*Asks:* 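Structure below; questions to follow.
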Amino acid sequence: MASKRPCPSPDDDVLRKMTGQDEGGQIYECSKYIWTDKRAHCYSEPDRKFAAKRLALLYIAKQNCASLQTYLQSSGKKWSDVCKDEGCYAVKPNKPFDFPAFLELSDEELFEYGREVGNVLNVQKAPEGVIYRFATVEIKTTSASDLYRFLNE
């Protein structure tokens with residue numbers, strides 16, 4: 001069995017670009033919509049949770065791209081056959097996920113890319129696949145001061 005090379009720890013600049021300027025107070029829950037047999041069987045299931053929106057956007061962009069590449073491999077098609085630069089179903093940037101380059105994209109560009117790449121599976125009527133999405137969940141926490149007041153009532 002081949003072993004994986006250890007991944008180096010990211011430097012502070014890379015971590016800053018990955019997390020972005022998150023306000024806090026939310027988590028971002030990812031889910032995956034899975035289908036088989038030309039959507040005769042489909043379901044959603046929870047996936048990862050992230051503390052920053054940008055982390056979720058990067059994850060979804062990579063996962064939806066991987067899902068599309070799985071479809072391309074099984075169908076014998078190439079990226080250029082199904083992803084266009086212009087038009088209703090354009091993918092921008094029109095290329096497979098490239099981590100260093102995609103760190104430079106804005107949150108909006110990452111969101112659109114993840115959505116557009118996932119949508120290619122719908123447009124192509126893939127007989128099976130996975131599309132990743134996320135939802136923002138507000139975190140309602142009780143502060144120590146609020147708890148103190150409650151405990152002293």
Side-chain angles (χ1 to χ4, degrees), residues 2-75 77-85 87-143:
S3 64
K4 287 187 172 183
R5 290 185 325 201
C7 184
S9 297
D11 63 33
D12 289 342
D13 187 46
V14 169
L15 287 175
R16 272 191 299 280
K17 287 180 179 181
M18 285 176 62
T19 56
Q21 300 287 329
D22 206 26
E23 298 288 319
Q26 297 107 0
I27 61 168
Y28 302 89
E29 293 183 335
C30 295
S31 62
K32 46 188 173 178
Y33 174 73
I34 303 163
W35 71 93
T36 59
D37 300 324
K38 298 181 181 176
R39 297 196 195 240
H41 306 285
C42 49
Y43 58 95
S44 291
E45 65 181 40
D47 196 36
R48 297 180 186 218
K49 296 177 183 172
F50 296 94
K53 181 179 181 180
R54 189 164 175 82
L55 296 174
L57 293 171
L58 286 162
Y59 177 73
I60 289 168
K62 178 165 176 93
Q63 292 297 86
N64 281 349
C65 182
S67 292
L68 177 56
Q69 289 178 314
T70 299
Y71 166 73
L72 293 174
Q73 187 175 21
S74 68
S75 67
K77 295 180 180 180
K78 292 184 270 180
W79 185 275
S80 60
D81 296 336
V82 300
C83 296
K84 305 302 175 196
D85 289 321
C88 187
Y89 303 113
V91 175
K92 294 179 185 174
N94 190 3
K95 64 180 183 177
F97 186 84
D98 173 15
F99 178 59
F102 277 49
L103 275 179
E104 304 304 323
L105 298 178
S106 70
D107 288 0
E108 181 62 27
E109 289 168 319
L110 282 171
F111 174 79
E112 290 298 324
Y113 177 84
R115 187 176 60 82
E116 292 161 355
V117 168
N119 193 46
V120 171
L121 293 170
N122 293 325
V123 172
Q124 293 295 310
K125 298 183 179 3
E128 59 188 29
V130 181
I131 296 177
Y132 291 77
R133 297 180 174 102
F134 80 93
T136 304
V137 178
E138 297 293 323
I139 300 173
K140 305 271 190 228
T141 60
T142 302
S143 69

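Values below: all heavy atoms of this structure, side chains included; hydrogens, waters and symmetry mates excluded. Note that this is a predicted model, so its numbers are computed, not measured.
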*Asks:* Can you tell me if CZ on Arg48 sees more than 12 non-hydrogen neighbours from other groups inside 6.0 Å?
*Replies:* no
*Asks:* Please check if any side-chain donor atom of Lys32 sits under 3.5 Å from a side-chain acceptor atom of Gln63, or the reverse.
*Replies:* no
*Asks:* Can you label the angle between the Tyr59 ring and the Tyr132 ring as parallel, tilted or perpendicular, going by 30° and 60°?
*Replies:* perpendicular
*Asks:* Would you find a donor on one side and an acceptor on the other, under 3.5 Å apart, between the side chain of Glu112 and the backbone of Lys92?
*Replies:* no
*Asks:* Rounded to the nearest 0.5 Å, what's the gap from OG on Ser31 to CD1 on Ile60? Could you check?
*Replies:* 7.5 Å
*Asks:* Does any non-hydrogen side-chain atom of Asn122 lie less than 4.5 Å from one of Arg39?
*Replies:* yes
*Asks:* Classify the angle between the aromatic ring planes of Phe97 and Tyr113 as parallel (below 30°), tilted (30 to 60°) or perpendicular (above 60°).
*Replies:* tilted
*Asks:* Would you say that more than 12 heavy atoms from the other residues, nucleotides or ligands in this model lie under 6.0 Å from the CD of Gln73, or not?
*Replies:* no
*Asks:* Counting C-beta onward and ignoring hydrogens, is there a side-chain heavy-atom pair between Thr136 and Lys53 closer than 4.5 Å?
*Replies:* no
*Asks:* Are any non-hydrogen side-chain atoms of Val130 and Thr70 less than 4.5 angstrom apart?
*Replies:* no
*Asks:* Do you know the tightest heavy-atom contact between Leu110 and Arg54?
*Replies:* CD1-NH1, 3.3 Å
*Asks:* Quick one: do Val82 and Ser75 satisfy side chain to side chain contact (heavy atoms under 4.5 Å, CB included)? Show the steps, please.
*Replies:* CA-CA 11 Å; Val82 300; Ser75 67; over 6 Å; no
*Asks:* Can you give me the closest heavy-atom contact between Pro127 and Trp35, atom names plus distance?
*Replies:* O-CD1, 3.5 Å
*Asks:* Can you list the steps and then say if Trp79 with Asn94 is a side chain to side chain contact (heavy atoms under 4.5 Å, CB included)?
*Replies:* CA-CA 9 Å; Trp79 185 275; Asn94 190 3; 2.7 Å; yes
*Asks:* Hey, does the side chain of Thr19 reach the backbone of Ala52 with a donor-acceptor pair shorter than 3.5 angstrom?
*Replies:* no
*Asks:* Measure from the side-chain N and O atoms of Asn64 to the backbone N and O of Gly114, and report whether any donor-acceptor pair falls under 3.5 Å.
*Replies:* yes
*Asks:* Is any side-chain heavy atom of Tyr89 closer than 4.5 Å to one of Asn119?
*Replies:* yes
*Asks:* Has the side chain of Lys125 got a donor or acceptor atom that lies under 3.5 Å from a matching backbone atom of Leu121?
*Replies:* no
*Asks:* Taking all non-hydrogen atoms of both residues, which atom of Cys65 and which atom of Pro96 are closest, and how far apart?
*Replies:* SG-CA, 3.6 Å
*Asks:* Rounded to the nearest 0.5 Å, what's the gap from CD1 on Ile34 to SG on Cys42? Could you check?
*Replies:* 10.5 Å
*Asks:* Begin from the C-alpha positions of Leu57 and Leu105 and carry the test side chain to side chain contact (heavy atoms under 4.5 Å, CB included) through to its verdict.
*Replies:* CA-CA 11 Å; Leu57 293 171; Leu105 298 178; over 6 Å; no
*Asks:* Please, which pairs that meet side chain to side chain donor-acceptor pair (under 3.5 Å) have at least one residue in residues 96-106, sequence neighbours excluded?
*Replies:* Lys17-Glu104, Ser106-Glu109
*Asks:* Rounded to the nearest 0.5 Å, what's the gap from CD on Glu116 to NZ on Lys84? Could you check?
*Replies:* 14.5 Å
*Asks:* By side chain to side chain contact (heavy atoms under 4.5 Å, CB included), which residues pair with Val14, not counting sequence neighbours?
*Replies:* Pro10, Asp11, Met18, Phe99, Leu103
